[in-house]
Amino acid sequence: MPRRLLVTAALPYANGPIHLGHLVEYLQTDIWVRFQKLMGNDCRYFCADDTHGTAIMLRARQEGRSEEDLIAQVQQEHEQDFADFGIEFDNYGSTNSPENREICAKIWTSLRDKGLVKEKQVSQLYDPEEGIFLADRFVRGTCPKCDAPDQPGDNCSSCGTTYSPVDLIDPKSTLSGATPEEGSALHLFIELEQLHSFLEEWTQKSGALQPEIANYLKGHFLGDALRDWDISRPSPYFGFEIPDYPGNYWYVWFDAPIGYMASTQQWCDRTGEKFDDWWRSTDCEVHHFIGKDITYFHTLFWPGMLKVAGYSLPTKVHIHGFLTVDGEKMSKSKGTFVRARSYLDHLDPAYLRYFYASKLSSKIDDIDLSLEEFITKVNTDLVGKVVNLASRSAKFVRKTGLSAEYPDDGGLFQQAAEAGEEIAAAYEACDYSRAMRLIMALADRANPYVEEAKPWELRKDEAQAERLQDVCTVALNLFRQLAIYLTPVLPQLAKQTGQLLGEPITRWSQAQTPLVGTPVNQFKHMLQRVEPKKVNAMIEDSKEETGEGAAAASESQESKSQEFVDKWNDPGDSLEAEPLADECTFDDFMKVDLRVARIVEAEQVPDARKLLRLKLSLGGGVYKQVFAGIKAAYDPEKLVGRQVVCVANLAPRKMKFGVSEGMVVASGPGGEEIFVLSPDEGAKVGQRVH
RNA sequence: GGUCCGGUAGCUCAGUUGGUUAGAGCAGGGAACUCAUAAUUCCUUGGUCGGGGGUUCGAGUCCCUCCCGGACUACCA
């Protein structure tokens, strides 16, 4: 009976790019979800951008655009980063969605009906220039106790006194520099204390929390009466207006976790699933993955809200620690504050997926990305041990395929099959470092087998052909087991293994039965080794242009002139896939007339599988109709108006849907991976490309 | 200051309910091999398990105490 699992990772804030620290969580969660799916469980991964709050409002103001515009752009970047790291969500939503507004209202009504909401007067500083109430962190001033100047609004970094920003001497708004006025507004609060006994019971006995977290909550919060939670913010605020309290908005932390549900709702609407099967069913487990910084919200308020509104409580809240790089906090000046995009510009996401997996446990300890360890671990384990198994045996059975019956391997396959249970248990418990250790131990047994069997000698003797096939059958099956066990971590490797051996990896249980009698495809490199210079290039790229950083950057510029370093280091697979054509002369090249053209019309061709019909303008009223095979990659609307490069003197060709009078130049293997070329800004329609 | 976690080979860590001479990977040293992405395999150096005390026939493992490192927290959430 498959389990039904709803899984979430914390919602990234729409105020900045994804970095390597964020990825600890999204990868940890993605691995767990992929594992569950591989086990055949009905598991869904939901996430969304967290879009509300003062910070978003201020940034949008500063950039002179609407909040909606800002969060749309950031969300697009987030989703692209996740996709490129192989993080697959079943739905990725936004807290600024109609679904979220609706569910917020529902939960709000429940809280009101159960009498948990009360009003209180709150005195707060007000910035008359910006026209907003100031959170403590937006006020600085002189400490009332020790007279230290320029202290934060909540406590003094000099003498340690805590105070209210109202008490500061000579307070200033950090936003405008204006002197804040003391104001007072009515806020709505949730009386959490009413749920005290429930939360006590749930945090201590439900098994949803790691023991150290349960203990922490008990010591820090549950020992006393729980404080009221200030849940409203007066206008102006970017968020949802509270329906029965006009001019006030729900605090961002109220609607953020509800975003998990809204994202689920969107998925349900799309797939025809029932929302209540996921959020109001005892058959469905709810798992949240979060960082230790937001423990409070997810272990007290959130279960409280769920309880009151009658939804399922979290089955487990999995809490992880932070990321350090080379033993220190990520630092912008040292270049260790690496954005997801910067990483992707230089390195294969598989490296990071594996490295994090090899470090993660179910503890809340911080994990360290030691760059040196990163390089050696990935190269030794993945390239040297795992991929090497396939690399050293696949080509010997390219012609014959695998043996018809699985040969005697001294029990290796059986042992590895039996290890599957223990490895699965480690994944289930989020103890990935243990899972990786167990898998590598299997790899350490597989390589000596090949060493002793010496396939490279067997192949020299015709009479040993059968034995050679058997040896490679064993090696490739042991390799395949590893690939299956690593599938949650390295989906790309699993895919490649499926292609090599002609059977896709879709189930954990495939590791129990060897593959026999099937063809073996040509072996292609599955993973490049990590090159230290690429890691260095990534760090260099991440250094912020502060005084120190700028000096270091210009230094590296100098060294570049002496010894050429290609910091991009593009892989050679595309060139390999399509080698250079025969040499041609300049005259040959000039036969092809490439022109800058503008797409003036673009439309779907209803019956075509791959084609779009384009009308290209070469200027001066000269038009060409072109059928381009880019349907899967481009929306027609988005192409209209765009400048492209076309082959203008191509012989017209009659196609099923009409005559095509040219070609639009594009690169890529096909399908969705097509990249139409455009000239740089300033090119004029009709110009020839030389 | 409080709470929690950790301190095992140069590095990263494993050591289940206390039980024989404390393990792995990497790094170091030596050798073999050449199929493989200078990959692999074999052999090998290396540890008073943070210090001290206790319980026990027996402690890395339990208790006490001290030292060191880290995280959280300090009446804000």
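Numbered from 1 within each chain, the chains take letters A, B, ... in sequence-line order.
In this entry the distance linking NZ of A:K359 with C1' of B:rA14 reads 13 Å, nearest Å. Rounded to an integer number of Å, the gap from NZ of A:K395 to C1' of B:rA39 is 13 Å. Distance CG (A:D444) to C1' (B:rC42): 13 Å, rounded to an integer number of Å. Taking atom CE of residue A:M436 and atom P of nucleotide B:rA14, one finds them 15 Å apart after rounding to whole Å. Between the CG atom of A:D365 and the C1' atom of B:rG70 there is a distance of 9 Å, rounded to whole Å. Rounded to whole Å, atom P of B:rA77 lies 16 Å from atom CG of A:L188. Here the P atom of nucleotide B:rA77 and the CG atom of A:D224 are 12 Å apart, to the nearest Å.
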Show your reasoning for whether side-chain contact (heavy atoms from CB on, under 4.5 Å) applies to A:D348 and A:Q528.
CA-CA 8 Å; A:D348 186 332; A:Q528 305 293 326; over 6 Å; no
Show your working on side-chain hydrogen bond (donor to acceptor under 3.5 Å, both in side chains) between A:E119 and A:H187 and close with a plain yes or no.
CA-CA 6 Å; A:E119 295 182 357; A:H187 281 226; over 6 Å; no
Given A:E422 and A:R434, is the side-chain contact (heavy atoms from CB on, under 4.5 Å) satisfied, shown in steps?
CA-CA 9 Å; A:E422 204 179 349; A:R434 178 173 164 77; 2.6 Å; yes
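Judged by the 6.0 Å and 45° rule, A:K395 forms no cation-pi pair with A:F523. Stacking of A:K292 on the aromatic ring of A:F322 is recorded, both the 6.0 Å distance cut-off and the 45° axial limit being met.
Residue-level contact check: A:M526 touches the bases, meaning some heavy atom is under 4.0 Å from a base atom. At a threshold of 4.0 angstrom between heavy atoms, the contacts of A:F297 are confined to the sugar-phosphate backbone, with no base atom among them. Here A:V450 lies out of heavy-atom contact (under 4.0 Å) with every strand. When heavy atoms are screened at a 4.0 angstrom cut-off, A:L527 is found touching base atoms of the nucleic acid. Contacts of A:R434 with the nucleic acid, taken as non-hydrogen atoms under 4.0 Å apart, are absent. Residue A:N215 is classed as a sugar-phosphate contact, given heavy-atom separations below 4.0 Å to backbone atoms only. Note on A:D230: nothing from the nucleic acid sits closer than 4.0 angstrom, heavy atoms only.
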Close N or O pairs between protein and nucleotides 71-73 of chain B (under 3.5 Å):
{"residue": "B:rA71", "atom": "O3'", "partner": "A:K292", "partner atom": "NZ", "Å": "3.2"}
{"residue": "B:rA71", "atom": "O2'", "partner": "A:K292", "partner atom": "NZ", "Å": "3.1"}

Where does RNA chain B pair, written as one dot-bracket string 5' to 3', with Watson-Crick or G-U pairs under 3.5 Å, ( ) inside the strand, [ ] for crossing pairs and | for another strand?
(((((((..((((.....[...)))).(((((.......))))).....(((((..]....))))))))))))....
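Stacking between A:W229 and B:rA77 is absent: the ring centroid is not both under 5.5 Å from the six-membered base ring centre and under 30° in plane angle.
Scanning residues 451-489 of chain A for heavy-atom distances under 4.0 Å to RNA chain B yields A:E451, A:W456, A:R459.
Taking the six-membered ring where the residue is Trp, A:Y260 and A:H298 present tilted rings, their angle falling between 30° and 60°.
Relative to the side chain of A:E373, the nucleotides B:rC26, B:rC35, B:rU12 differ in distance, and B:rU12 lies closest. Considering only the side chain of A:N447, B:rU41 comes nearest among B:rU41, B:rC35, B:rA39. Among the nucleotides B:rC13, B:rA39, B:rG25, the one closest to the side chain of A:R529 is B:rA39.
Contact annotation: A:R437 side-chain N/O to B:rG25 OP1/OP2 distance is not under 4.0 Å.
Salt bridge A:E531/A:K534: present, at least one basic N to carboxylate O contact under 4.0 Å.
Checking side-chain atoms of A:Y343 against main-chain N and O of A:L352 turns up a donor-acceptor pair under 3.5 Å.
Side-chain polar atoms of A:T51 and A:T95 form a donor-acceptor pair below 3.5 angstrom.
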